[in-house]
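Worksheet for the structure shown next.
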Number of protein chains: 2
Amino acid sequence: MGGAAPSATTGGFALIDNMVSHDETRSEDAPAQPAARPTLKTIARLAGLGVTTVSRALHDAPDIGEETKARVRQLAESLGYQPNRAGVRLRTGRSHVIALVLATEAEELGINSQLIYGISEALSASAYQLVVMLHDPAADPLGPIRDIVEAGAADGILFARIEPNDARVRFLTERGVPFATHGRTDMGIVHPYFDFDNEAYAERAVRRLASLGRRRLALVGPPPGLSYARHMTSGFCRAVAVLNLERVSVGSIDTDSPHERIQDEIHRLMRRADRPDGFVSGGAVAALSVTAGAEAAGLVLGRDFDVVVKESSDLFRKFRPAIETAREDFRTAGKWLAQAIIGRIEGTADVDVHFLDVPRIEVSETVPERVAATVVL
Amino acid sequence: MGGAAPSATTGGFALIDNMVSHDETRSEDAPAQPAARPTLKTIARLAGLGVTTVSRALHDAPDIGEETKARVRQLAESLGYQPNRAGVRLRTGRSHVIALVLATEAEELGINSQLIYGISEALSASAYQLVVMLHDPAADPLGPIRDIVEAGAADGILFARIEPNDARVRFLTERGVPFATHGRTDMGIVHPYFDFDNEAYAERAVRRLASLGRRRLALVGPPPGLSYARHMTSGFCRAVAVLNLERVSVGSIDTDSPHERIQDEIHRLMRRADRPDGFVSGGAVAALSVTAGAEAAGLVLGRDFDVVVKESSDLFRKFRPAIETAREDFRTAGKWLAQAIIGRIEGTADVDVHFLDVPRIEVSETVPERVAATVVL
DNA sequence: ATTCTTTCCTGTAACGTTACAGTAGCCTTA
DNA sequence: TAAGGCTACTGTAACGTTACAGGAAAGAAT
């Protein structure tokens with residue numbers, strides 16, 4: 001905070017000086033220092049010990065006396081000592097940073113913030129910090145991930161929207177940099193991941209629609225390049241085949257398509273004689289677009305067609321209980337990923353950990369006064 | 001990456017070793033080093049210069065010859081030199097970290113991620129990193145903000161959900177730590193902030209409802225402790241008074257109240273004879289709850305009542321054009337805040353910068369086929 | 001020829017931490 | 001009593017960077 005410090009800053013310093021007891025100010029320095037943070041040296045001087053001893057005491061090393069440890073710890077506590085991150089990082093090479101590399105387009109009603117909340121929550125008890133970066137994989141497959149590795153900017157990397165053959169996974173594996181992903185590849189590379197079982201989701205969604213008497217089903221899945229699009233599609237196709245239902249194609253739309261395209265496409269589709277009577281959607285906004293398109297064709301949800309959707313919030317359950325949902329919990333995913341990546345960094349966890357979140361279709365109970373709410377959303 | 005490195009990691013190192021040309025390996029070391037990152041020393045050795053010279057050359061210092069600068073820069077470029085953050089931080093005390101301290105409850109359909117995208121975008125061109133932390137102000141007014149200051153964990157801090165008399169603003173001002181906020185206080189402390197003009201929003205919303213013939217208006221505002229709740233309320237009250245309308249209280253509900261409470265409260269309210277015929281909502285989800293409650297009472301949006309809502313996404317415009325919206329753009333806010341805080345940190349910007357985003361009520365054009373979509377959401 | 005400038009470069013020290021190689025003192029053991 | 005081995009501590013060096021105080025070489029002014 002040196003340099004061109006403005007007057008407000010200086011004012012702040014003056015205030016602090018008034019509050020600080022000057023008992024321990026260094027004798028050689030100018031008197032008006034802004035309450036310098038205590039370092040190991042400070043504690044060592046106060047305790048009459050060497051810096052090394054203090055460091056080792058705070059690390060609970062076996063060759064330091066218990067009494068000394070207690071004294072040092074107490075002193076550190078009372079001074080509010082916090083190890084200097086830069087010092088540790090420079091010496092050990094460990095940054096205590098976890099980087100989350102996000103794709104902007106993945107935004108579906110705040111899933112990324114849910115992910116961030118989960119990670120932050122898990123990290124808040126640790127010494128690790130969460131750094132967030134944006135990445136447009138279309139522009140550059142590696143993007144900031146390469147930069148992070150080359151600059152040593154993080155101890156571990158988290159990312160999502162995994163492709164079956166993912167350049168980032170390959171790169172980080174080659175470089176030996178710890179990472180964990182939301183989603184998985186086809187590559188047979190072993191690494192920690194958290195995934196939602198989209199195959200099971202699609203299967204169960206199809207079964208649910210079948211149990212509602214629906215026979216002609218359509219899937220609005222994730223963008224085809226992503227791993228979980230394949231999983232969802234294969235679950236959908238298998239269940240449709242097993243149950244002897246009919247599969248209706250929605251053309252080239254997916255959950256990332258613009259609202260108007262989905263709505264228009266579904267609108268067109270629903271005017272055909274062989275229109276679908278059930279939809280499985282991979283995303284909340286897309287399900288709204290689908291419903292809007294179908295309703296624009298004069299059809300009624302729950303009478304002429306049904307929709308099952310995977311959502312991360314409670315919106316549908318709150319406002320449109322006629323649409324059935326499977327909840328994908330990104331906050332839990334974030335927590336899990338944070339713990340997994342720390343495990344990888346510290347070498348305490350196996351490379352081969354993963355979690356497959358099994359979906360449950362939430363059948364909305366039809367509480368009378370809630371039914372009216374169906375009209376909205 | 002040392003310590004308990006798993007086999008996968010070792011495999012990675014081996015691969016890299018194959019790719020690295022061993023021309024510049026240090027003679028004294030073991031031969032199988034994992035492609036050490038170049039430092040100033042590396043460049044200095046290669047250029048036959050002193051480390052200081054290289055440092056100053058890369059900083060474009062005036063006392064270094066142009067030819068030397070060019071040579072050093074080219075060398076640095078070709079080696080992929082990136083300054084070591086820990087070294088810089090240790091020496092200069094500058095962390096190049098911007099901390100964003102988020103309140104979880106503020107989540108309204110992903111506004112926090114929009115904020116993060118904006119900040120990240122602005123920061124991606126700079127040397128600064130975005131660190132995200134969670135904070136529950138109810139549990140501890142300062143929370144991680146105190147920790148950041150005491151640990152020197154960031155050069156600047158961003159936060160939102162400002163209160164009229166905000167402990168965080170006071171604390172950071174006293175400590176002289178650069179910060180910028182989304183929202184503003186009543187305290188008369190000068191600092192950079194970005195705010196949405198909620199007073200103007202409420203006024204315009206009221207005017208819009210009045211122009212639709214609505215006469216009995218209710219406000220579902222933000223939680224009363226926050227600054228912008230006051231702004232919105234005062235704009236609302238003033239416009240209602242000026243236009244000679246009637247103000248209907250919604251009791252103790254606000255945009256943070258649980259869906260059921262809002263819905264039930266509105267439901268109850270709308271069965272009274274003196275029910276409101278127009279709503280101004282401070283948040284998207286609350287507006288849905290309000291609409292659900294009113295519709296549960298058998299009333300029809302656009303006929304019996306109208307709603308104006310402030311939203312950060314396009315959901316209403318897409319799916320429920322009968323509800324009119326003012327768009328609050330958090331991505332732009334994030335960009336602005338990032339630039340402002342960097343300006344404060346580097347001392348290039350005035351303390352007294354702020355931006356008041358003037359709202360525009362988006363009156364939905366009634367394109368025929370879009371009208372049908374009204375049924376959804 | 002001497003001094004003074006200017007230009008361009010350099011070495012040293014320090015930021016806070018931890019790895020490593022000691023060491024002083026004491027207690028066992030033979 | 002000497003050797004060996006613990007216990008509990010310490011000093012030095014190094015991580016990569018930049019501030020600072022020089023300083024050599026070359027040209028300009030006296």
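Within every chain, numbering begins at 1; the chains are lettered A, B, ... in the order of the sequence lines, protein sequences first and strands thereafter. For the numbers below, each heavy atom of this structure counts, side chains included, while hydrogens, waters and symmetry mates do not.
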Worksheet item: Between atom NE2 in B:His59 and atom P in D:dC20, what is the gap in whole Å?
Response: 14 Å
Practice prompt. Using atom CZ of B:Arg45 as one end and atom P of C:dG11 as the other, report the distance to the nearest whole Å.
Written response: 14 Å
Worksheet entry | Close aromatic pair by centroid cut-off 6.0 Å: A:Phe179 and A:His191 | yes
Response to the item:
Applying salt bridge (charged side-chain N to carboxylate O under 4.0 Å, His left out) to B:Arg85 and not counting sequence neighbours gives none
Practice prompt. Could you state the atom-to-atom distance from CZ of B:Arg94 to C1' of D:dA19 in whole Å?
Written response: 15 Å
Worksheet entry | Most 5' of A:Thr53 and B:Pro83 on DNA chain D, judged by nearest nucleotide | A:Thr53
Discussion item. What I want to check is whether an N or O donor and acceptor connect the side chain of B:Asp63 with the base of C:dC9 at under 3.5 Å.
Written reply: yes
Fill in: Length of the line joining B:Tyr81:OH and D:dG16:C1', which is rounded to integer Å
7 Å
Practice prompt. Using the six-membered ring wherever Trp is involved, compare the ring planes of B:Phe355 and B:Trp336 and label them parallel, tilted or perpendicular (cut-offs 30° and 60°).
Written response: tilted
Worksheet item: Rounded to the nearest Å, what distance is computed from the CZ atom of residue A:Arg37 to the C1' atom of nucleotide C:dG16?
Response: 10 Å
Discussion item. Please pick, from C:dA19, C:dC8, D:dG16, the nucleotide with the shortest atom-to-atom distance to any side-chain atom of A:Arg91.
Written reply: C:dA19
Practice prompt. Enter the distance from B:Ser124:OG to A:Asp136:CG here, rounded to the nearest 0.5 Å.
Written response: 11.5 Å
Item to complete: Can you tell me the distance, in whole Å, between the CG atom of A:Leu58 and the P atom of C:dG16?
Response: 16 Å
Item to complete: Could you tell me how the ring of A:His96 sits relative to the ring of A:Tyr128: parallel (under 30°), tilted (30 to 60°) or perpendicular (over 60°)?
Response: tilted
Worksheet entry | Whole-Å gap separating P (D:dA14) and CG (A:Leu40) | 20 Å
Practice prompt. Return the residues of residues 65-76 of chain B meeting this criterion: a heavy atom under 4.0 Å from some atom of DNA chain C. Order them by number, or give none.
Written response: B:Gly65, B:Thr68
Item to complete: Write out all pairs satisfying salt bridge (Lys or Arg N to Asp or Glu O under 4.0 Å) with one or both partners inside residues 72-84 of chain A, taking only residues at least two apart or from two chains.
Response: A:Asp60-A:Arg73
Worksheet item: If each of A:Leu90 and A:Gly48 is mapped to the nucleotide of DNA chain D with the nearest heavy atom, which maps nearer the 5' terminus, i.e. the 5' end?
Response: A:Gly48
Worksheet item: Does any pair with a residue in residues 50-90 of chain A pass ring pair (Phe, Tyr, Trp, His ring centres under 6.0 Å), and if so which ones, sequence neighbours excluded?
Response: none
Worksheet, complete the sentence: Taking for A:Asn84 and for B:Val51 the nucleotide of DNA chain C with the nearest heavy atom, the one nearer the 5' end belongs to B:Val51
Worksheet item: Tell me: CZ of A:Arg56 to P of D:dT10, nearest whole Å?
Response: 12 Å
Worksheet item: A:Arg71: what forms a salt bridge (charged side-chain N to carboxylate O under 4.0 Å, His left out) with it, not counting sequence neighbours?
Response: none
Practice prompt. Could you tell me whether B:Gly50 contacts a base, only the sugar-phosphate backbone, or nothing, with contacts defined as non-hydrogen atoms closer than 4.0 Å?
Written response: sugar-phosphate
Fill in: A:Tyr117 and B:Asn112: side chain donor to acceptor below 3.5 Å
yes
Response to the item:
Terminal axes of the helix from C:dA1-D:dT30 to C:dA30-D:dT1 (5 end pairs apiece), angle rounded to 10 degrees, sit apart by 60°
Worksheet item: Looking at side-chain heavy atoms only, is the closest gap between A:Tyr193 and A:Ile162 below 4.5 Å?
Response: no
Practice prompt. Output yes when at least one side-chain N/O atom of B:Thr52 is less than 4.0 Å from OP1 or OP2 of D:dT18, else no.
Written response: no
